[in-house]
> 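Okay, here's the structure, questions in a sec.
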Amino acid sequence: MRKYKSNGELETVICNVCGKKLIVERGIVREGVFSVDHAWDFFSEKDGEVHHWDLCESCYDAVLGTFRIEADVEERVEFI
Ligand SMILES: [Zn+2]
């Protein structure tokens with residue numbers, strides 16, 4: 001869950017699972033966060049809804065721990 005200041009700057013990020021308030025400095029999240037912004041489409045029962053939520057890294061790991069099939073993970077190449 002995210003809150004923004006009146007000027008649009010990110011103010012607060014809270015993990016939707018555990019309620020932990022993540023560290024935000026000058027509008028930037030300073031720790032691991034998994035953010036979802038998902039628009040459901042016609043083929044779902046939530047057509048027209050856009051869901052927004054955030055997980056702290058610990059809750060993300062716990063959710064992935066419930067997967068029967070592991071998530072694909074690759075190293076990201078960073079260009080400088
Ligand atoms: Zn959490």
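The analysis underlying the following values was restricted to heavy atoms, covering all of them including side chains, and did not include hydrogens, waters or symmetry mates.
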> So, using salt bridge (charged side-chain N to carboxylate O under 4.0 Å, His left out) as the criterion, who are the partners of K3 when residues are at least two apart?
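By the salt bridge (charged side-chain N to carboxylate O under 4.0 Å, His left out) rule, K3 matches no residue at all.
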> Quick check on the 6.0 Å ring-centre criterion: do H51 and W53 meet it?
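Between W53 and H51, which both carry aromatic rings, the centre distance is not below 6.0 Å.
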> Does some side-chain heavy atom of C18 sit less than 4.5 Å from a side-chain heavy atom of S58?
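A side-chain contact under 4.5 Å is absent here.
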> What is the minimum heavy-atom distance between S44 and D47, and which atoms define it?
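Residues S44 and D47, closest heavy atoms: OG-N, 3.4 Å.
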> Okay, side chain of D54, backbone of C15: is any donor-acceptor separation there less than 3.5 Å?
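Such a contact is absent between D54 side chain and C15 backbone.
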> Can Y60 be reached from V36 by stepping across I, L, V, M, F, W or Y side chains whose heavy atoms are under 4.5 Å apart?
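Yes, one cluster joins them.
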> Please round to the nearest 0.5 Å and tell me the distance separating atom OG of S35 and atom CG of L22.
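Between atom OG of S35 and atom CG of L22 there are 8.5 Å.
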> Report, as yes or no, whether the 6.0 Å neighbourhood of atom CD on E57 holds more than 12 heavy atoms from other residues, nucleotides or ligands.
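Check fails, neighbour count at 12 or below.
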> For residues V29 and V13, report the shortest heavy-atom separation together with the two atoms involved.
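Where V29 meets V13 most closely, the heavy atoms are CG2-CG2, 3.7 Å.
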> Can you list every salt bridge (Lys or Arg N to Asp or Glu O under 4.0 Å) pair that touches residues 10-35, not counting sequence neighbours?
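Sorted result for residues 10-35: K20-E31, E25-R30.
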> Consider only side-chain heavy atoms of I, L, V, M, F, W and Y, link residues closer than 4.5 Å, and tell whether L64 and V17 are in one cluster.
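Yes, L64 connects to V17 through the hydrophobic network.
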> Examine M1 and V24 and state if one hydrophobic cluster contains both, with Ile, Leu, Val, Met, Phe, Trp and Tyr joined whenever side-chain heavy atoms are less than 4.5 Å apart.
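No, no single cluster joins them.
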> Is it the case that one hydrophobic cluster holds both F67 and L55, taking links as side-chain heavy atoms less than 4.5 Å apart, direct or via other members?
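Yes, because F67 and L55 connect within a single hydrophobic cluster, where side-chain heavy atoms sit under 4.5 Å apart.
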> Looking at NE2 of H52 and NE2 of H38, how far apart are the two atoms once the value is rounded to the nearest 0.5 Å?
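Taking NE2 in H52 and NE2 in H38, the distance rounds to 11.0 Å.
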> How long is the gap from CZ on F34 to CG on D61, to the nearest 0.5 Å?
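The CZ atom of F34 sits 11.5 Å away from the CG atom of D61.
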> Give every residue pair that meets the salt bridge (Lys or Arg N to Asp or Glu O under 4.0 Å) criterion with at least one member in residues 65-80, sequence neighbours excluded.
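Non-adjacent pairs meeting salt bridge (Lys or Arg N to Asp or Glu O under 4.0 Å): R76-E78.
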> Which pair of heavy atoms, one from G19 and one from I14, lies closest together, and at what distance?
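Reported closest heavy-atom pair: O-CG2, 3.6 Å.
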